[in-house]
Protein chains: 4
Amino acid sequence: MIPTASRGGKQIEIMNAAIRVFSKHGFDGAKMEYIAKEAGIGKGTVYEYFKSKYSLFEEILKYSVDQYRLGLKQSIDNGQTTEEKILNCSRFNTQFLNNHMDFVHIAMQVKILSEDIRHHHIAAQSVIIEYYKEMIKGAKDKGEVRSDLDEELAACCIIGTLDQFCKQRIFLDPRPLDDIDHQAIVDVVIRGLR
Amino acid sequence: MIPTASRGGKQIEIMNAAIRVFSKHGFDGAKMEYIAKEAGIGKGTVYEYFKSKYSLFEEILKYSVDQYRLGLKQSIDNGQTTEEKILNCSRFNTQFLNNHMDFVHIAMQVKILSEDIRHHHIAAQSVIIEYYKEMIKGAKDKGEVRSDLDEELAACCIIGTLDQFCKQRIFLDPRPLDDIDHQAIVDVVIRGLR
Amino acid sequence: MIPTASRGGKQIEIMNAAIRVFSKHGFDGAKMEYIAKEAGIGKGTVYEYFKSKYSLFEEILKYSVDQYRLGLKQSIDNGQTTEEKILNCSRFNTQFLNNHMDFVHIAMQVKILSEDIRHHHIAAQSVIIEYYKEMIKGAKDKGEVRSDLDEELAACCIIGTLDQFCKQRIFLDPRPLDDIDHQAIVDVVIRGLR
Amino acid sequence: MIPTASRGGKQIEIMNAAIRVFSKHGFDGAKMEYIAKEAGIGKGTVYEYFKSKYSLFEEILKYSVDQYRLGLKQSIDNGQTTEEKILNCSRFNTQFLNNHMDFVHIAMQVKILSEDIRHHHIAAQSVIIEYYKEMIKGAKDKGEVRSDLDEELAACCIIGTLDQFCKQRIFLDPRPLDDIDHQAIVDVVIRGLR
DNA sequence: CATGAATGAGGATTCATTCAT
DNA sequence: GATGAATGAATCCTCATTCAT
């Protein structure tokens, strides 16, 4: 195995190639040969950086989930008002899911994952929910949302609506993603149906 | 192959066994032998009813999607007010996803599916969105929701929130599903965050 | 198993159906279901008359070889002169091989056959050669062929030429079989090339 | 797949091993594992060189048929007189069929072959017949055979007699092949029975 | 007697992984 | 370090055979 020092660069390259291949073919459909070819290296070289297909998958999963969590955190932190925060999340969500949607779905077959990665995954999800809950808590303090709002359910509503919107746009709607009216989505979440 | 007349019963039995096995192991992890054993029959018998593992999967997918669509339709139709309709959907959603969640996730790897099944799947999704949009339209007429509400986005919000809630309860929350406060969820959707 | 008394008729029916199917698909390609369907009976019924696919094949082989041997014997016996005898053989050969050629080829994979059937087959071949050798012997006595002719080689020449002619006509030549000039073939055999 | 440059050697090795196994067990009886073992390689390696059992079979068939055709051409070309040419053919035929007889028989189940290979096979047969016809034509010019001889039938007679002789020696006669009196066979063909 | 639904042994094929170069 | 030819374990599927009806 290669000393950890110089590994970083190529490791990331392989992971990015693998994300594309896993997304296109699913876990079992993704042959190591495809991944190597996509990364522009030999089949054997992948094994210098990852000890098995499965561990490569798990590394990617962790990596992606962390990327997602961090991006979301930043989206929230960068917004001034709660509305702006959610707006940022909507934009980031669309962008991220557009690139990783398939991978996310593969990842959801949580049943096939190891305990270790499963915990990581669930933990990350929980952390994301916490981010939102804290955001709501802050919004309550600033009086931007009603004070009797259940924070868990609010988080649910935001996450669910944003995700569902992405799904519909990506799977059902042929239009490009750049003309999305994020403001309108956020409006529905904030104002509700009534 | 067995005449279509008498096939129905055993076909359904196999499909139900297969849903369990697919859910537990994923598509590629689900060996035909497991499925046969789960259905209490011999391996070869599965092939009397489905011409391949893949087509078995597709049949199940169609079947599940249709079951879901029909259940949702009924949930909406059985409610008097819009609030009650959404409440019904929430209950049905929780119940259905609890039994099929894993399968639904496997199914979402839409990329690996045939054109035919993919169209069926997308079509069913579209129909479901239509159900909700029509519900919103009716609600507008009755003045239960504001008249400037975008129907598509409203559907997004309802579907997304209900689904996300289920996911959180099923994956992250160890509590049983029967003490869910569906009313609270619906409240958030209807009143929004503010 | 069915009492041998009334078996004869249906047994022959099955064998004839099986010859057609074996000829069309080869031994391993011929499914018992095809054979049953071709004979217009149920799959299980075939097993009432033959204890296995393999033994069915062997029975057919014996049957066909015997049919061929008998037909050839008759062809020889029915001719007055040697030339006429060979002429009859040529006609019978063409007719028989046209119906059984593929089966004959399948049968030639002697290696896969049991010792028993192999001996029967080889014995029948030997008997056929004997028929021809006796014919030649008779012809020598009548002065129709030269007296220094090797009987074995003469048989070889007759059998080989007639068979090869059939093969060419059946495999390479699209013309129907009824306008064959058997006299010309026999001439070549009798007069030689010179 | 391995680059075509360096494939040649091992490909031929596998084909030769496969000829032995196909000859011994027939097409369906020949397990890929046997073939691999016979070639002294792993099962998977065969698939690096041939995409399926069937295509391996077809490649062998083409290869064998071409080998046969070329050997026969040379036999004819190397003879001075027509008699010598046929003599050469008889020797080559015996030698080749002794090594390939079983495979040739398997190959004759032309019905199961693909259109492509079938055409190749039939074409090769036709070419062989042409070789003989041209030989006869030349013999006519040199006055070695009578001028009214039908070339097609003459070819038939030569091919058939030589093949039939081989069959008899290989299948029915326990004697070794080296004491064959090829001259006697050729005599019968050239002088005829009379 | 006849049937055909059910069975499971058997074999072609795939692909993650190894290791000699 | 990098490679890709070789490997064989693992699995889908076929079909001869059985046996309950």
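Rounded to a whole Å, the CG atom of C:Leu56 is 17 Å from the P atom of F:dC15. In this structure, NZ of C:Lys37 is placed 12 Å from P of E:dT3, rounded to the nearest angstrom. To the nearest angstrom, P of E:dG8 lies 11 Å from CD1 of B:Ile41. Residue B:Phe50 contributes atom CZ, which lies 15 Å from atom P of F:dT14 at whole-angstrom precision. The distance from atom NE2 of C:His25 to atom P of F:dA16 is 12 Å, rounded to the nearest whole Å. Separating the OH atom of B:Tyr49 from the P atom of F:dC13 is a distance of 18 Å, rounded to the nearest angstrom.
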Test log, rule side chain to side chain donor-acceptor pair (under 3.5 Å), inputs B:Glu59 and B:Tyr63: CA-CA 6 Å; B:Glu59 292 294 329; B:Tyr63 171 78; over 6 Å; no
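Of the two residues contacting DNA chain E, namely B:Gly40 and C:Gly42, the nearest-nucleotide position lying further toward the 5' end is that of C:Gly42.
Qualifying salt bridge (Lys or Arg N to Asp or Glu O under 4.0 Å) partners for B:Glu38, counting only residues two or more places apart in sequence or in other chains: B:Arg20. The side chain to side chain donor-acceptor pair (under 3.5 Å) search around D:Asp66 returns D:His120, not counting sequence neighbours. By the side chain to side chain contact (heavy atoms under 4.5 Å, CB included) test, C:Tyr34 is found to be paired with C:Val21, C:His25, C:Lys31, residues two or more places apart in sequence or in another chain being considered. Legend: residues meeting salt bridge (Lys or Arg N to Asp or Glu O under 4.0 Å) with B:Lys62, ordered by chain and number and at least two apart, are B:Asp116.
In this structure, B:Lys24 contributes its side chain and B:Ile19 its backbone to no donor-acceptor pair below 3.5 Å. Listed for the D:Thr45 side chain is no donor-acceptor partner under 3.5 Å among the backbone atoms of D:Ile41.
Close to F:dA2, at under 4.0 Å from its OP1 or OP2, lies a side-chain N or O of A:Lys10.
Taking every heavy atom of both residues into account, D:Tyr49 and D:Lys10 meet most closely at OH-CD, 3.5 Å.
A distance of about 12 Å separates the C1' atoms of F:dT21 and E:dC1, rounded to the whole Å.
For the atom pair OG (D:Ser64) and CZ (D:Phe96), the distance works out to 5.5 Å, reported to the nearest 0.5 Å.
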So which protein N/O to nucleotides 13-16 of chain E N/O distances come out below 3.5 Å?
unit_1	atom_1	unit_2	atom_2	d
E:dT13	OP2	D:Tyr47	OH	2.7
E:dT13	OP2	D:Lys53	N	2.9
E:dT13	O4	D:Lys43	NZ	3.2
E:dC15	OP2	A:Lys31	NZ	2.9
E:dA16	OP1	A:Lys53	NZ	2.9
E:dA16	OP2	A:Met32	N	2.8

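For DNA chain E, each stem of at least three Watson-Crick or G-U pairs (distances under 3.5 Å) is given as range with range: E:2-21 with F:2-21.
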